[in-house]
Amino acid sequence: MSLTMATSSPTQPLTSSAAVALAVAAVALVAQLPWALPGVFLWDDLPLLIGRDLYTSSDRWLDSLSVPLGIETSYWRPLATTSFLLETLIHGGSATGFRVTAALLHALASGLATLLFARFLRSRGAALVAGLVFAVHPVNVEAVTWISARFDLLAGLFALGALLCIGDDGRARTARRRLAMGALTAAALLSKENAIVVPVLIALWGQVLAPAPDAVVPAIRAQWRTWGAAVAAVAIVALVRLERLGFVFRANPLSAVEAGGPLSHLLLIGRAMTSYAEAFFAPWSGVGPAHHGVRPVPASDLQGWIGLVILGALLIALAINWRRRSSMAPLLAALLVSLAPVLQIVPLDLAGGLHAADRYMYLPSFFAVAIVARTVVRIVATTEAWSRRRPMVIAAASVVVLALGGVRLGVLPHWTSAKGFWAWAVQQAPTSSVTLANRVEVLLGSGWMARDDIVAAEQTALQLHRLDPEFGSAQLMVRVLLAQGRPGRAEKLAGQGIQFHARDVEYRVLRGRARLQGADPERSVDDFRRAIALTEKDAGASYTSLMADALAGLAEGLVVTKGDRVEAAGLTDRAEALLSESGPSAVVQVIRARLALGDADGALRAIGDGTRIPPHRLPELFALAATTDAPAAVIAALTAWAERAGMPSAAVRSSLAFGYERAGHWERAVEEHRQVTTLAPDSSRAWDDLGYALFEVGDVEGSETALLRARELDPLSGQVRLHLGVLLRKTGREDEGLSELRAGRQLARAASDASVEALLDAQIARSPEKPVEDAPDDGR
């Protein structure tokens, strides 16, 4: 049997398939474009395109071509990274713009795939179905929808273009075709490193189309001009890569260690194979951003063994078909070759136990579709019973396309919301440190945190901390606690982190923040000084993004504890100069330092349009503005950003009230709390806060009325019972007060609120004769 496909249909010229290819491209575009319009940056998009201007500034053309990806030394993908720069000039760097471009590129790739299918299937109808399967298959959602997967998308597109340069006889006979093939191969390799296999794929694809050679090896030799052009392109790119990086290939030693011994490494390969097979053949359950497993893979891992069986079956099928000289042989070989770079044969540097990624299937999925299509067409063409049932075959093919399209439509919405995306990722991989950490990051930074978001952030951070305490999870937990206004617990947890990571700068900065927001600003100075010393020693003059945090934190600490305004002003100026290299946390800390210095102009300058201020940190800025008696212009600027960020007016007034409380301005605090009860009349917390403040100004009757209203709205609050019990005791109603305190203790215990329970225990332990002149620690 010939290596070409046996079929009764005549060979279709390439031009006659153009209409089919255009139809498939149109379907691919229409199926993707609506999900590109609500553009959102996700995951690596943020450091790649938002955190720095390396690939988005028109002043950095040379850098975008020459600097390794992420300023690291392992990846260099200049064609793909420069495409981001070109796009930014067109649409301003919007997420929607990047996604629309990706949709257009996928439409083009789908059209090319259809032309390739038509060449070897010898049937426009079969090519149409195969092209549609490639266009709408859910396994390609990540490569097309995620902006940072541009590398895989471009590499796949250029690889398909290189294959299209091969004629119907399996060769690229003209110099023009060979030149185009070499250029496209180089472009694929300059988009992503896994395109190194394109010359082999070209040789194998030539075998798919070649007309019945006498032997495989002589046939490949006869095509040397065809695949030789691709090999030359790879060699040229390798030399340029060597000059740019200092090496052509280098494995990550840590990834090799994580892969484990020979058996564990083999099972890791198997596990990756299982994930790819599941994503392709069972996309309703196998498609997603996180294919996670324990590493090293244990010997009992079922998915690892299943994957090895699948690989073994493919290799056996390849050997049998190659011996029979079937056209299936080069297709099977091409599938395995295209998968080889992402099968963990050389352990990939995927963080958090991830071992596979859907985006890696973009090019392999073409060969997988080709194998399935070739099998179906062969059965229909050579089996008389099926030949009489072509309408049934067409109907079945339509059902397959519609089913895949339906699954794709179910997957795509997950990529249109950062919160929704990471909630979905955690569902898929609940034990992956990557998914858990990113969900916390998104909840902390994506907008104003509603109560449900705060609870979700805490639960997710706790889950991560219990699962992987060495992953820096304690840092996330500290940030969540600070966002909740719990500096005491945050300080304790940051201190534990410092015990295990004494030289970690972020733990020092976080503990300094906790101490500033708590009751220990003097010791925050020590934390910030130590953070600065560690950063200067380890990073030299380049500084890290945490240096601005440490400098501004030290400035605030010096003003608060020592009144040292001269040194503090100099430190704040240094911090402000580093803001362009720092994260949002540094912006907030600079604002805090300016407020502490009473520098309203500097605070307004740092606030800017507010977009760099994480919304969950607005309450602390409002509280500090009130504490430092900041001018109305500062509060107005913060309020304007708060409104755009979705922060409720009640939360703004409440934050100001707490700041006035901290400064001892209780009358002003009462005014703000009254406004909160007007804005949120059904909030038990608002009435409780008002009752507490009225207690402080001596309005016992008003305090009791407010606290009774708070108890009515939330009879299960231990904190409300604490404040009401203290008040009743103060007015001489000892039994009623004690009853409220005991009821509050039971409620706090049931709610696992240890801090409020401890305060209630302390109040219950007081003897009736001991006067209660002051309100207890509020427990808020």
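Predicted model, so just to flag it, every value in this text is computed and none were measured. Side chains included, hydrogens not; waters and symmetry mates left out as well; all remaining heavy atoms used.
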Checklist entry - Within the side chain of Asp549, is there an N or O that forms a donor-acceptor pair under 3.5 Å with the backbone of Ala586? => result yes
Item to check | Side chain proximity check, His723 to Leu727, heavy atoms < 4.5 angstrom | outcome: no
Item to check | Electrostatic pair Arg565:Asp599 at N-O distance under 4.0 angstrom | outcome: no
Next on the checklist: Leu579 vs Glu576, test: side chain to side chain contact (heavy atoms under 4.5 Å, CB included). Steps then yes/no.
Outcome noted: CA-CA 5 Å; Leu579 285 185; Glu576 189 170 351; 4.1 Å; yes
Checklist entry - When you check the gap from the basic side-chain N to the acidic O, do Arg674 and Glu671 get nearer than 4.0 Å? => result no
Next on the checklist: Run Val676 and Leu690 through side chain to side chain contact (heavy atoms under 4.5 Å, CB included) and show every step you take.
Outcome noted: CA-CA 9 Å; Val676 176; Leu690 175 60; over 6 Å; no
Checklist outcome for this item: Rounded to the nearest 0.5 Å, the CG atom of Leu638 sits from the CG atom of Leu604 at a distance of 8.5 Å
Checklist entry - In Å and rounded to the nearest 0.5 Å, what is the CG to OG1 distance from Leu546 to Thr535? => result 6.5 Å
Checklist entry - Which heavy-atom pair separates Ala606 from Val587 by the least distance, and what is that distance? => result O-CG1, 3.8 Å
Checklist entry - Hey, are His465 and Gln475 close enough side-chain-wise for a donor-acceptor pair under 3.5 Å? => result no
Checklist entry - Within the side chain of Thr460, is there an N or O that forms a donor-acceptor pair under 3.5 Å with the backbone of Ala456? => result yes
Checklist entry - Checking side chain to side chain contact (heavy atoms under 4.5 Å, CB included) for the pair Val559/Asp564: CA distance, chi angles, key distance, verdict? => result CA-CA 5 Å; Val559 174; Asp564 190 343; over 6 Å; no
Checklist entry - Does Arg513 pair with Glu491 as a salt bridge, N-O distance under 4.0 Å? => result no
Item to check | Partner residues of Arg479 under the salt bridge (charged side-chain N to carboxylate O under 4.0 Å, His left out) criterion, sequence neighbours left out | outcome: Glu441
Next on the checklist: Is the shortest side-chain heavy-atom distance between Leu443 and Arg439 below 4.5 Å?
Outcome noted: yes
Item to check | Check: Trp641 side chain, Ile613 main-chain N or O, donor-acceptor pair, under 3.5 Å | outcome: yes
Checklist entry - How long is the gap from CD on Glu661 to CG on Leu656, to the nearest 0.5 Å? => result 11.5 Å
Item to check | Interatomic distance, Leu724 atom CG to Arg733 atom CZ [nearest 0.5 angstrom] | outcome: 8.0 Å
Checklist entry - Ser703 side chain to Asp699 main-chain N or O, any donor-acceptor pair under 3.5 Å? => result no
Checklist entry - Is there a donor-acceptor pair closer than 3.5 Å between any side-chain N or O of Asp45 and the backbone N or O of Leu42? => result yes
Checklist entry - Is any side-chain heavy atom of Val440 less than 4.5 Å from a side-chain heavy atom of Leu464? => result no
Item to check | Main-chain N/O of Leu728 paired with Thr731 side-chain donor or acceptor, under 3.5 Å | outcome: yes
Next on the checklist: Return the CD to CG distance between Glu567 and Leu554, rounded to the nearest 0.5 Å.
Outcome noted: 6.0 Å
Checklist entry - Can you list the steps and then say if Leu571 with Leu558 is a side chain to side chain contact (heavy atoms under 4.5 Å, CB included)? => result CA-CA 10 Å; Leu571 292 167; Leu558 289 173; 3.7 Å; yes
Checklist outcome for this item: In terms of heavy-atom contacts, Ala418 and Val40 come closest through N-CG2, 4.3 Å
Item to check | Interatomic spacing from CG in Leu436 to OG1 in Thr431 - rounded to 0.5 Å | outcome: 8.0 Å
Checklist entry - Can you name the nearest heavy-atom pair linking Ala568 to Leu597, along with the distance? => result CB-CD2, 3.9 Å
Next on the checklist: Could you report the tightest heavy-atom contact between Ile635 and Ala630, atom names first, then the distance?
Outcome noted: CD1-O, 4.2 Å
Item to check | Derivation of the salt bridge (Lys or Arg N to Asp or Glu O under 4.0 Å) call for Glu757 and Arg745 | outcome: CA-CA 5 Å; Glu757 184 182 353; Arg745 179 172 61 183; over 6 Å; no
Checklist entry - Would you say Arg721's side chain and Pro715's backbone share a donor-acceptor pair under 3.5 angstrom? => result yes
Item to check | Heavy atoms from other residues, nucleotides or ligands near CZ of Arg742 exceed 12 (cutoff 6.0 Å) | outcome: no
Next on the checklist: Just so I know, are the side chains of Leu444 and Pro614 near enough to count as touching, which here means a heavy-atom distance under 4.5 Å?
Outcome noted: no
Checklist entry - Where do Arg668 and Asp629 land on the salt bridge (Lys or Arg N to Asp or Glu O under 4.0 Å) test, with the steps shown first? => result CA-CA 11 Å; Arg668 297 175 71 179; Asp629 203 17; 3.5 Å; yes
Item to check | Side chains of Leu694 and His673 in contact at under 4.5 Å (non-hydrogen atoms) | outcome: no
Item to check | Note, Leu707 side chain near Trp687 side chain (heavy atom, < 4.5 Å) | outcome: no
Item to check | pair Ser655-Leu618: side-chain heavy atoms closer than 4.5 Å | outcome: no
Checklist entry - Is the backbone N or O of Asp609 less than 3.5 Å from a side-chain atom of Arg644, with the two atoms forming a donor-acceptor pair by type? => result yes
Next on the checklist: Tell me if a side-chain donor or acceptor on Thr561 pairs with a main-chain N or O of Glu522 at a distance below 3.5 Å.
Outcome noted: no
Item to check | Closest non-hydrogen atom pair, Ala290 against Ala425 | outcome: CB-O, 4.4 Å
Checklist entry - Under 4.0 Å between a Lys/Arg side-chain N and an Asp/Glu carboxylate O for Arg685 and Asp688? => result no
Next on the checklist: List the residues meeting ring pair (Phe, Tyr, Trp, His ring centres under 6.0 Å) with Trp43, not counting sequence neighbours, and say none if there are none.
Outcome noted: Trp146, Trp422
Checklist entry - Is the closest basic N to carboxylate O distance between Arg594 and Asp573 below 4.0 Å? => result yes
Checklist entry - With a 4.5 Å heavy-atom cut-off, do Thr435 and Gln427 have their side chains touching? => result no
Checklist entry - Between Glu740 and Arg711, is the closest basic N to carboxylate O distance under 4.0 Å? => result yes
Next on the checklist: Under the criterion salt bridge (Lys or Arg N to Asp or Glu O under 4.0 Å), I'd like the reasoning laid out for Arg523 against Asp520: C-alpha separation, chi angles, the key distance, then a yes or no.
Outcome noted: CA-CA 6 Å; Arg523 290 204 293 169; Asp520 196 6; 2.6 Å; yes
Checklist entry - Checking Ser524 side chain against Pro521 main chain: does a donor-acceptor pair fall under 3.5 Å? => result yes
Item to check | Charged N-O contact under 4.0 Å between Glu506 and Arg511 | outcome: no
Next on the checklist: Can you list everything that forms a ring pair (Phe, Tyr, Trp, His ring centres under 6.0 Å) with Tyr660? Sequence neighbours excluded, please.
Outcome noted: none
Checklist entry - Under the criterion side-chain contact (heavy atoms from CB on, under 4.5 Å), which of Gln517, Glu458, Lys492 is the partner of Arg486? => result Glu458
Checklist entry - If every non-hydrogen atom of Ala603 is compared with every non-hydrogen atom of Val634, which pair is closest and at what distance? => result CB-CG2, 4.4 Å
